[in-house]
Number of protein chains: 2
Amino acid sequence: MQSHPLPVRERTRRAVRGELAQLAVDLFVEKGYDETTIDDLAAAAGMSKRTFFRYFASKEELVMGKYEVLGEQLAEDLAARPADEPIWVSLRQVFGRVAEYFESEARGATTVAMEKIVRDHPTLNASYLDRVSRMQELVLDEARTRTGRSDPADPRTAAIVGAAFSCLLAAWTTWLTTNQAQPFGELLDQAMDAIQPT
Amino acid sequence: MQSHPLPVRERTRRAVRGELAQLAVDLFVEKGYDETTIDDLAAAAGMSKRTFFRYFASKEELVMGKYEVLGEQLAEDLAARPADEPIWVSLRQVFGRVAEYFESEARGATTVAMEKIVRDHPTLNASYLDRVSRMQELVLDEARTRTGRSDPADPRTAAIVGAAFSCLLAAWTTWLTTNQAQPFGELLDQAMDAIQPT
DNA sequence: CGCACACTTGACACCGAGTGTCATTTATGG
DNA sequence: CCATAAATGACACTCGGTGTCAAGTGTGCG
């Protein structure tokens, strides 16, 4: 075992980022996103506004940070699927990650609350869609190399990956708006079967 | 013929909005979106900043306004399709509007240039995705009443409409990035056939 | 131990988007 | 022609975000 995989500086930096994000979400859930000012947040964290912006490039990034990671994991997972597996099946498998992401969250309540705030806030929702779209592009790149159909003038792979993500979003949304009445995986199966029965 | 379908005030208001949007797009294409300030724009239009914001609620709305209309038309068009037509076919027909939207534009060059600016600008792109998502919701409402499957806990209709929109976006993107090498309609057919051959 | 160097922080000034307010101008309709 | 409503401009203000610089804090090294 290697003694220090990350330099000390980097570790404290990540710790601060983590605490900051957590504190922010708590404040957002309590008072609302627009009502929580960066100055409030910085004060609550005991730092200056300027210092806050050295940890997060924007207020939105406080909320959107997690999706970054998720996208990369999805792309990795897809690359790890057997090459001869139909792409639709691979995508279904890969989306299992998202289920984990939700269900394994220790403080699910806050996460869900925050997720709802995002959907109700115009700018945040737009930003959220942008992140999903970036996820999708990562996965699309992977899918193109996997299928060998990498001609950018061919819209078909993009259409398939996009369709799969639509299923993911439909399931996600339903799961949130029905207060988790059904397990996420079931919703996802229903959605994906409606497009391409397997 | 009715003498005044719209009150005079409303007509001048729309005229000003139109000129403003046109002027703005010209400036954005010429100097860039971030580099064009609202003060610049207001000055160029011979009005104060405050007055500008009485015509447009935000800088983004200058660019996004058109998508509003498009979404409503799409929903209307869908409602007008025969009730027994398969939803996938109806959606394909309805998307013909978008083809018109592009191809019938008198000053296509500026429109395409602006569309590229949107895609390259993080905030604008996010906002654009948000508008598309709203379009999708309008269409989804219509699709739900049409199919009679209006249970919001059922993700299937959302998945199908979402998939269709993914095809639309895939075709749209391809059309833009390949500099209109193929007609939009063909790309759309390719994309939609890849999901559900008809 | 002490020094030099890199990194981090806070303070401050500044920019652009967007809003509230109010007085002034401009159009509309009787 | 006049009263009333709407449109405008001017001004001050908030908030997100950035550039700059000086002061603080830790780290590695001789």
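Protein chains get the first letters and strands the later ones, always in sequence-line order, with residue 1 at the start of each.
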Margin query: Strictly below 4.0 Å, N to O, side chains only: are B:Glu61 and B:Lys66 in salt-bridge contact?
Written below: no
Item checked: Nucleotide D:dG16, atom C1' - distance to CD of A:Glu61 in whole Å -> 14 Å
Item checked: Residues B:Thr177 and B:Arg119: side-chain donor-acceptor under 3.5 angstrom -> no
Checklist line | Atom-pair distance (CD1 on A:Ile38; C1' on D:dT18), nearest Å | finding: 14 Å
Checklist line | For atom CG of B:Asp34 and atom P of D:dG17, their distance in whole Å | finding: 13 Å
Check: Using a distance-only test with no angle check, is there a side-chain donor-acceptor pair under 3.5 angstrom linking B:Gln182 and B:Gln190?
Finding: yes
Check: For A:Thr37 and D:dG16, is the shortest distance between a side-chain N/O and OP1 or OP2 below 4.0 Å?
Finding: yes
Next item on the list: Using whole Å, report how far CG of A:Leu124 lies from P of D:dG16.
Entry: 12 Å
Checklist line | A:Asp40 bridged to A:Lys31 by N-O distance under 4.0 Å | finding: yes
Checklist line | A:Tyr33 six-ring centre to A:Lys59 NZ/CZ under 6.0 Å and within 45° of normal | finding: yes
Item checked: Atom-to-atom span, CD of A:Glu10 to P of C:dC7 - whole angstrom -> 12 Å
Notebook entry, point to check: CG of A:Asp40 versus C1' of D:dG17: gap in Å, rounded?
Noted result: 16 Å
Notebook entry, point to check: Atom CZ of B:Arg11 to atom P of D:dA6: distance rounded to whole Å?
Noted result: 19 Å
Check: Relative to B:Tyr67, does B:Arg134 satisfy both conditions: NZ or CZ under 6.0 angstrom from the six-membered ring centre, and within 45 degrees of the ring's axis?
Finding: no
List every contact pair, protein side and nucleotides 7-9 of chain D side both N or O, where the distance is under 3.5 Å.
unit_1: D:dT8; atom_1: OP1; unit_2: B:Tyr55; atom_2: OH; d: 3.2
unit_1: D:dT8; atom_1: OP2; unit_2: B:Tyr55; atom_2: OH; d: 3.0
unit_1: D:dG9; atom_1: OP2; unit_2: B:Ser48; atom_2: N; d: 3.0
unit_1: D:dG9; atom_1: OP2; unit_2: B:Ser48; atom_2: OG; d: 3.4
unit_1: D:dG9; atom_1: OP2; unit_2: B:Thr51; atom_2: OG1; d: 2.6
unit_1: D:dG9; atom_1: N7; unit_2: B:Arg54; atom_2: NH1; d: 3.4
unit_1: D:dG9; atom_1: O6; unit_2: B:Arg54; atom_2: NH2; d: 2.7

Checklist line | Rounded distance in Å - CG (B:Leu62) to P (C:dG16) | finding: 17 Å
